[in-house]
Amino acid sequence: TTIPCVEVPAELDDGAHNVYVWLQDNAGNSDHQTRRVVTLRLDRTPPAMLPTVDGEICPGSGWYNSCITVTFSATDIHSGMATGVISYRDNSGAWVEGASYAECADGVYSISGRAMDAAGNVGEAIDLAPIKVDRTAPAAPMDIRVTPETWATENTFTLRWLNPSELSGLAGVFYKQGSEPISDTDGTYVAGLRSSLPLIASMEGEVPVYIWLRDKACNSDHQNRGVAVLKYDGTPPVTSFSISGTLGGGDWYTSAVQV
């Protein structure tokens, strides 16, 4: 005997539902005690997905200065994810099965993820905000020059340079007078994109000044530095003299005098 197809009501919620079936013959006899039960497992809802990004980010800039890992997790309250599939893609490339994506190279990455539950429901792709990675410190400033270039009696100097290209953009400059820096932050930091800096020499004489740059991903390297020399002499010369000759009375000399 073939039982006609039983249509599931559209308003039936997702979940497990018991369907009871018993037969009636042509004479109108039926007995519900002879019923059979069929469990209908209904799942028409795609899974929910949550992406997380791990890495070191420069505060306030949105740039990562470390390797990054994007992890996708998905949940499904009915059929579950035990045999489900999580996929991702980067920069609109092909979908790849996997729950995590790692990247260490400098660049800007557009990452998407999607999930399919055990019932075969595929959720809409989730597009993350662009992930920006810059792990490389700026190159040294170029064509460094100081004004005035010669010895100055006024302690006012201007340092000028050309900035190198930089993926994340430049955020500021470090400088140190007198001795070479020994770490990336061993100097005075001045925030902002600039190509010149007013300076006051820390002492008289020929004073070396070292400068290096910081980018918007918080990268800096004191080894990528430039140097200029401030020449400051604010002290007038001291003149001394002596007189030789035969001194007479009243501080008058009676002989030839040599000064």
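- One hydrophobic cluster holds both V19 and L12 under the rule that ILVMFWY side chains link at heavy-atom gaps under 4.5 Å.
- Nearest heavy atom pair, residue L213 against residue P164, reads CD1-CD, 3.4 Å.
- Sorted by first and then second residue, the side chain to side chain donor-acceptor pair (under 3.5 Å) pairs with a member in residues 249-259 read T246-S255; sequence neighbours excluded.
- Here the options are S168, S61, P59, the test is side-chain contact (heavy atoms from CB on, under 4.5 Å), and the partner is C218; only P59 passes.
- Side-chain contact, W63 with N65: no donor N or O sits under 3.5 Å from an acceptor N or O.
- R145 pairs by the salt bridge (charged side-chain N to carboxylate O under 4.0 Å, His left out) definition with D143, not counting sequence neighbours.
- No continuous path of hydrophobic side-chain contacts links L197 to Y210 [ILVMFWY only; heavy atoms under 4.5 Å].
- In this structure, T136 OG1 and D215 CG are separated by 8.5 Å, a value rounded to the nearest 0.5 Å.
- Side-chain atoms of V38 and N18, non-hydrogen and from C-beta on, never get closer than 4.5 Å to each other.
- I144 and V207 end up in the same hydrophobic cluster when Ile, Leu, Val, Met, Phe, Trp and Tyr side chains are linked at under 4.5 Å.
- K176 is not listed as a side-chain neighbour of F174, based on a closest heavy-atom distance of 4.5 Å or more.
- The shortest distance between side-chain heavy atoms of E124 and P46 does not fall below 4.5 Å.
- Under the 3.5 Å distance criterion, the side-chain polar atoms of R114 are left unmatched by any main-chain donor or acceptor of V122.
- Partners of D54 according to the salt bridge (charged side-chain N to carboxylate O under 4.0 Å, His left out) rule, which considers only residues two or more places apart in sequence or in another chain, do not exist here.
- Using cut-offs of 30° and 60° on the angle between ring planes, the pair H32 and W22 is perpendicular.
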task: Test side-chain contact (heavy atoms from CB on, under 4.5 Å) on Y64 and V53 and set out the steps.
output: CA-CA 10 Å; Y64 289 88; V53 182; 3.4 Å; yes
message: Run the side-chain contact (heavy atoms from CB on, under 4.5 Å) test on C104 and R135 for me, step by step, so that the C-alpha distance in whole Å, both residues' side-chain angles and the decisive distance to 0.1 Å come before the verdict.
response: CA-CA 8 Å; C104 290; R135 303 173 61 213; 3.6 Å; yes
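- Summarising the geometry, atom OG1 belonging to T188 is positioned 4.5 Å from atom OH belonging to Y175; distances are rounded to the nearest 0.5 Å.
- In terms of heavy atoms, S87 sits closest to V85 at OG-CG1, 3.8 Å.
- Here the shortest heavy-atom pairing between N121 and T45 reads ND2-O, 3.6 Å.
- Linking ILVMFWY residues whenever their side-chain heavy atoms come closer than 4.5 Å, directly or via other members, places F241 and V257 in the same cluster.
- Inspection of the R160 and T147 side chains reveals an N or O donor paired with an N or O acceptor under 3.5 Å.
- The backbone N or O of D117 lies less than 3.5 Å from no partner atom in the side chain of D76, so there is not a single donor-acceptor pair.
- Between D134 and E166 the shortest side-chain heavy-atom distance falls below 4.5 Å.
- In terms of heavy atoms, W212 sits closest to D186 at CH2-O, 3.2 Å.
- Under the 4.5 Å side-chain contact rule for hydrophobic residues, M203 and L199 share a cluster.
- For the side-chain hydrogen bond (donor to acceptor under 3.5 Å, both in side chains) with S112, the qualifying choice from D127, D90, N91 is D127, the only one to do so.
- Distance check: I68 CD1 to E103 CD gives 6.5 Å after rounding to the nearest 0.5 Å.
- Proximity of I86 to M81: side-chain heavy atoms (C-beta onward) are separated by under 4.5 Å at one or more points.
- By the 4.5 Å heavy-atom criterion applied to side chains, Y88 and V70 are not counted as neighbours.
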message: With side-chain contact (heavy atoms from CB on, under 4.5 Å) as the criterion, how do L23 and T34 come out once you've worked through the C-alpha distance, each side chain's angles and the decisive distance to 0.1 Å?
response: CA-CA 8 Å; L23 303 178; T34 63; over 6 Å; no
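- Of the possible polar contacts, one joining the N163 side chain to the R194 backbone as a donor-acceptor pair under 3.5 Å is found.
- The two residues E56 and S66 have their closest heavy-atom pair at N-OG, 2.7 Å.
- When the shell of 6.0 Å around CD of E154 is examined, it contains 12 or fewer heavy atoms from other residues, nucleotides or ligands.
- Within the 4.5 Å cutoff, the side chain of I200 has no heavy atoms near those of the Y232 side chain.
- Ion pairing between a basic and an acidic side chain is recognised when a charged N comes within 4.0 Å of a carboxylate O; E180 and R225 show such pairing.
- Summarising the local packing, CD of E149 is surrounded by 12 or fewer heavy atoms from other residues, nucleotides or ligands at distances under 6.0 Å.
- The shortest heavy-atom contact between L170 and K216 is O-CE, 3.7 Å.
- Side-chain contact between W161 and V173 is present, with at least one heavy-atom pair separated by less than 4.5 Å.
- Separating the OG1 atom in T150 from the CG atom in D233 is a distance of 11.5 Å, to the nearest 0.5 Å.
- Considering OG1 of T235 and CD of E204, their distance stands at 3.5 Å, rounded to 0.5 Å.
- Note: S220 OG to R214 CZ = 6.5 Å, rounded to the nearest 0.5 Å.
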